[in-house]
Amino acid sequence: MSEIRDNCSRVIDYMRISVIDRCNLRCVYCMPPSGVMPLDHGMILSYEEIARIARIAAGIGVKKIRLTGGEPLIRKNLSYLIRSIAEISGIDDISLTTNGQLLGGMAEELAGAGLNRVNVSLDSLRPDRYREITRGGDIDAALDGIAAAERSGLFPVKINMVPIRGLNDDEIEDFARLTIDGPRHVRFIEYMPIGAADFWSEDKYIPSDEIKERVESIARIEAVKVRRNGPARYFRFSHAPGVIGFISPLTHHFCSYCNRLRLTSDGKLRPCLFSETEIDLRTALRAGAPDSEIERLFRLAIEIKPDSHELSGVKLSPNRKAMSRIGG
Ligand code: SAM
């Protein structure tokens, strides 16, 4: 099997693919209330184009694919894409990041198509607050989605929470306790200065160490090794079936573990979430480029992958592309 390393010796074996820029929610920290200007349909990669890129990526060493968005479950017939990717030799893991609103009715079909795992973004367990944060989301639909994913064998379900001071940080302990009830992963992700520029302020940011201290106020946690843990550091309460992860994009040397590339919904390859540098695959694909040329562009993206992101502090550049288009 091929393996590709970047200039920092990181093995690049993971690609996140944003299949659509639109979302059915408008989370206050991610998008402005009106949403972001949607791309024209013709600018979005077709499923055939995505599958071709995935096949070429697999040929040089990508083994894991995560589908994201926008909200991936609002794109029609996503199972078709999952099935096409599952047939690619060398891809051994297909996962999905979703807000879970539509997951309840789709989990079984997605699992049948070849999806292995799912991450559900959930920032509150309280119905009113969930509706406010997401500007209209239904907590019961998200919880049904999690239950349906667990029933369908999309295992382990990872619940991703972004604690934001004054918004939902009083629920950190409640989220951590979910790992006592079942074998799921609850992961706390540091709030990053990207997305809705009007919402960000430095005082809302909570470093992972502080989040971890709040979790430890419930009971002692012990470090655990989780297979394919990527950038998360994992812990568990003694005898708990689930684990608690901390993802620290702004602290704790996240970059040295970064094994990924991102493909935007409009066909740009991004070596780093925090850098504006992109390599345009769509133009090459639509100009009739052979696989060897797409592969060359891929290798170039890996070659220019930065050692570490440029966010030394927590300053927001309001020009950053919306998270929904890059693929969170
Ligand atoms: N719609 C899908 C979902 O909700 O999971 C996929 C796209 S969403 C942009 C992916 C993830 O990005 C979500 O878990 C969300 O919490 C996270 N996200 C968006 N803006 C963020 C920010 N400023 N800091 C940290 N995480 C952020």
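In listed order, ligands and their atoms are each counted from 1.
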Would you sort out whether R55 and S89 count as a side chain to side chain contact (heavy atoms under 4.5 Å, CB included), showing the intermediate values?
-> CA-CA 8 Å; R55 182 173 49 72; S89 152; over 6 Å; no

Mode of T98 contact toward ligand 1 - side chain, backbone, both, neither (heavy atoms, under 4.0 Å) | backbone

Examine R75 relative to Y47 and say whether NZ or CZ is less than 6.0 Å from the centre of the six-membered ring and inside a 45° cone about the ring axis.
-> yes

Quick note on ligand 1: atoms under 4.0 Å from a heavy atom of I194 include exactly 23 (N)

Ranking L96, D21, V19, V162 by closest non-hydrogen atom to atom 26 (N) of ligand 1, top hit is V162

Geometric class of the Y191/Y29 ring pair [parallel <30°, tilted 30-60°, perpendicular >60°] = perpendicular

Ligand 1 contact on N99 by region, counting heavy-atom pairs under 4.0 Å = both

Atom CD in E71, atom CG in L78: separation rounded to 0.5 Å?
-> 9.5 Å

Should M192 be counted as touching ligand 1, given the test is an N or O pair under 3.5 Å?
-> yes

Would you mind listing which atoms of ligand 1 come within a distance below 4.0 Å of any non-hydrogen atom of T97?
-> 2 (C), 5 (O), 6 (C)

When the ring planes of W200 and Y205 are compared, do they come out parallel, tilted or perpendicular, using 30° and 60° as the limits?
-> tilted

Could you give the distance from CZ (R5) to CG (D13), rounded to the nearest 0.5 Å?
-> 10.0 Å

Check whether any heavy atom of S121 sits under 4.0 Å from an atom of ligand 1.
-> yes

Does G70 reach ligand 1, in the sense of a heavy atom lying below 4.0 Å from it?
-> yes

What do we get for T68 next to ligand 1 when only non-hydrogen atoms under 4.0 Å count, side chain, backbone, both or neither?
-> side chain

Consider ligand 1: state whether an atom of it lies below 4.0 angstrom from any non-hydrogen atom of M161.
-> no

Judged by heavy atoms only, the candidate from F199, W200, Y29 nearest atom 21 (C) of ligand 1 is Y29

Pull out every atom of ligand 1 sitting under 4.0 Å from any heavy atom of Y191, numbered as shown with elements.
-> 22 (C), 23 (N), 24 (N)

Would K64 and I91 satisfy side chain to side chain contact (heavy atoms under 4.5 Å, CB included), going step by step from the backbone distance to the final call?
-> CA-CA 6 Å; K64 294 176 268 185; I91 301 292; over 6 Å; no

Just jot down the salt bridge (Lys or Arg N to Asp or Glu O under 4.0 Å) partners of E48, sequence neighbours excluded, or say none.
-> none

